[in-house]
2 protein chains.
Amino acid sequence: MAQRTRADALSRERIVEAAIELLDANGERGLTFRTLTERLATGPGAIYWHVPNKGELLAAATASVIGDALAVAVTGSPWEEIHALALGLFDAVEQHPWLSSQLAVQRSHSPWGSVTPRIFESIGRRVSALGVPEATWFTATSALAHYIFGAAGQNAANAQVLRLGGTDRAEFISAAVDAWEGLDPGKFPFLRSIADQVREHDDREQFLTGIDLILTGITAQGRT
Amino acid sequence: MAQRTRADALSRERIVEAAIELLDANGERGLTFRTLTERLATGPGAIYWHVPNKGELLAAATASVIGDALAVAVTGSPWEEIHALALGLFDAVEQHPWLSSQLAVQRSHSPWGSVTPRIFESIGRRVSALGVPEATWFTATSALAHYIFGAAGQNAANAQVLRLGGTDRAEFISAAVDAWEGLDPGKFPFLRSIADQVREHDDREQFLTGIDLILTGITAQGRT
DNA sequence: ACCTGAACACCGTTCAAGT
DNA sequence: ACCTGAACACCGTTCAAGT
């Protein structure tokens with residue numbers, strides 16, 4: 001076949017874009033070099049000319065989505081801006097559930113690669129604006145970042161199962177809680193005691209309450 | 001070859017144990033059915049008779065290691081017990097860095113599978129003993145659990161790179177911080193401002209300070 | 001410089017056959 | 001019931017060849 005014309009020429013960006021679409025549509029397993037070459041109407045060699053390997057492709061997809069989430073303009077008090085940034089990340093991971101495991105994998109290959117520093121920078125700037133002592137900035141920002149990663153990961157996990165499983169949220173939570181209640185009551189008394197709270201909670205609201213818990217701790221500790 | 005004698009008979013436990021050893025020694029990529037059959041001196045069919053597939057094997061390995069970490073006896077005030085449990089999980093993930101991505105993957109397949117409930121139960125019991133209103137238990141426990149997952153994941157990522165890369169911690173951190181300082185100073189002012197704190201921090205101590213931040217928030221909020 | 005597509009090595013999984 | 005080992009489908013990656 002002849003070479004591509006300018007209009008449909010391959011580029012790193014077009015490849016990353018197609019990869020994100022495949023990941024969104026079918027999860028992690030949806031992205032293979034077969035599905036990717038099919039969608040881009042090309043061969044594996046063409047992709048390898050633009051991207052060194054699959055790991056880098058996944059890293060680029062992750063960086064792209066996280067970058068977009070952090071790029072939204074936020075204005076308000078530092079506390080409000082932290083809310084907005086955290087919620088942006090939370091929503092991004094919910095819309096792209098493959099981020100859940102991908103963030104872990106990316107970090108395990110290069111922990112201080114591109115994603116972690118960008119999140120630290122965005123959150124940390126607002127932490128420093130809270131008026132707490134400079135000596136606490138790093139630890140405070142770490143705590144927020146870790147919480148955001150952890151909570152977003154759990155939420156993405158839920159979203160992934162809901163998306164691929166076809167059940168709705170209420171059903172899904174009911175089934176999980178019912179499963180606990182079937183567990184040995186002697187072994188899981190706490191889970192049973194919070195069953196009603198789990199049934200009634202709102203994920204985003206709870207996520208923000210967690211942020212507030214940490215911010216309260218940060219500002220309280222800063223005043224000691 | 002004849003069937004195995006009783007002494008070296010295969011079992012789900014022996015297979016899981018071997019899998020953990022391979023994962024510890026060579027990371028996620030170190031566990032394949034080839035390496036596993038070789039180590040157990042058997043064929044793939046034998047393993048499939050005891051374990052339904054690789055995903056279940058990884059889930060069992062994860063549950064085993066997390067279960068051990070939560071099984072240690074802890075005594076003290078609720079606050080101290082939360083410290084001990086959190087640190088136990090933190091150390092387990094550091095010793096088995098493959099847990100970092102595995103926890104994310106496991107959760108994304110069945111979010112309320114076996115790991116999350118067990119952690120919730122262990123942490124939650126101590127939260128309920130803190131004397132805060134019952135209505136806050138679920139959110140408080142969630143916040144702690146998410147933070148622990150996130151922080152342990154980051155630490156495992158660091159450990160993985162250190163283990164496979166052969167560099168030592170000081171070198172590794174120096175390189176990361178130097179990389180930031182090479183970044184556009186206009187874009188990463190916060191990272192530059194905390195560079196010294198990063199160089200001097202202790203991972204475990206910082207982790208516990210983060211726990212304290214959240215516990216402070218929990219108890220402060222409980223009193224409102 | 002950019003792309004094609006056959007080929008390779010490797011992986012998870014299956015299954016007919018053995019004891 | 002428990003295990004063997006060849007075979008299969010699939011995947012990431014390479015590379016000689018084309019334009």
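Only a predicted model underlies this, so the values are computations on that prediction, with no experimental measurement involved. Protein chains get the first letters and strands the later ones, always in sequence-line order, with residue 1 at the start of each. Heavy-atom basis, side chains included; hydrogens, waters and symmetry copies ignored.
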Undergrad: Rounded off to whole Å, could you give me the CD-to-P distance for the B:E38 and C:dC10 pair?
TA: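 Answer to the nearest Å: 13 Å.
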
Undergrad: Between C:dG12 atom P and B:L36 atom CG, what is the distance in whole Å?
TA: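 Distance check: B:L36 CG to C:dG12 P gives 9 Å.
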
Undergrad: Could you check how far CG of A:L58 sits from C1' of D:dG12, rounded to whole Å?
TA: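 Rounding to the nearest Å, CG of A:L58 and C1' of D:dG12 are 12 Å apart.
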
Undergrad: What's the CZ-C1' distance between B:R29 and D:dC11, to the nearest Å?
TA: 14 Å

Undergrad: Output yes when at least one side-chain N/O atom of B:H50 is less than 4.0 Å from OP1 or OP2 of D:dC3, else no.
TA: yes

Undergrad: Quick check on DNA chain D: between B:P44 and A:Y48, whose nearest nucleotide comes earlier from the 5' end?
TA: B:P44

Undergrad: Can you tell me the Watson-Crick or wobble partner of C:dG18, both distances under 3.5 angstrom?
TA: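 The base-pairing partner of C:dG18, which may sit in any strand shown, is D:dC2.
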
Undergrad: Using atom NZ of B:K54 as one end and atom P of D:dC10 as the other, report the distance to the nearest whole Å.
TA: 18 Å

Undergrad: Determine the interplanar angle of the A:H201 and B:F138 rings, folded into 0 to 90°, and report it as parallel if under 30°, tilted if 30 to 60°, perpendicular if over 60°.
TA: perpendicular

Undergrad: Should the pair A:R125-A:E121 be classified as a salt bridge under the 4.0 Å nitrogen-to-oxygen rule?
TA: yes

Undergrad: Look through every strand shown and name the nucleotide pairing with D:dA9 as Watson-Crick or G-U wobble, where both distances are under 3.5 Å.
TA: none

Undergrad: What's the CH2-P distance between A:W49 and D:dC15, to the nearest Å?
TA: 17 Å

Undergrad: Mind calculating the distance between CZ (B:F33) and P (D:dC11) to the nearest angstrom?
TA: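 In whole Å, D:dC11 P lies 17 Å from B:F33 CZ.
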
Undergrad: Could you check how far CZ of A:R34 sits from P of D:dA9, rounded to whole Å?
TA: 14 Å

Undergrad: Keeping B:K54 on the side-chain end and B:L31 on the backbone end, is there a donor-acceptor pair under 3.5 Å?
TA: yes

Undergrad: Which of parallel (below 30°), tilted (30 to 60°) and perpendicular (above 60°) describes A:F190 and B:W137?
TA: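 Ring orientation, 0 to 90° scale: tilted.
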
Undergrad: Both B:I47 and A:T32 contact DNA chain D. Which one's nearest nucleotide lies toward the 5' end?
TA: B:I47

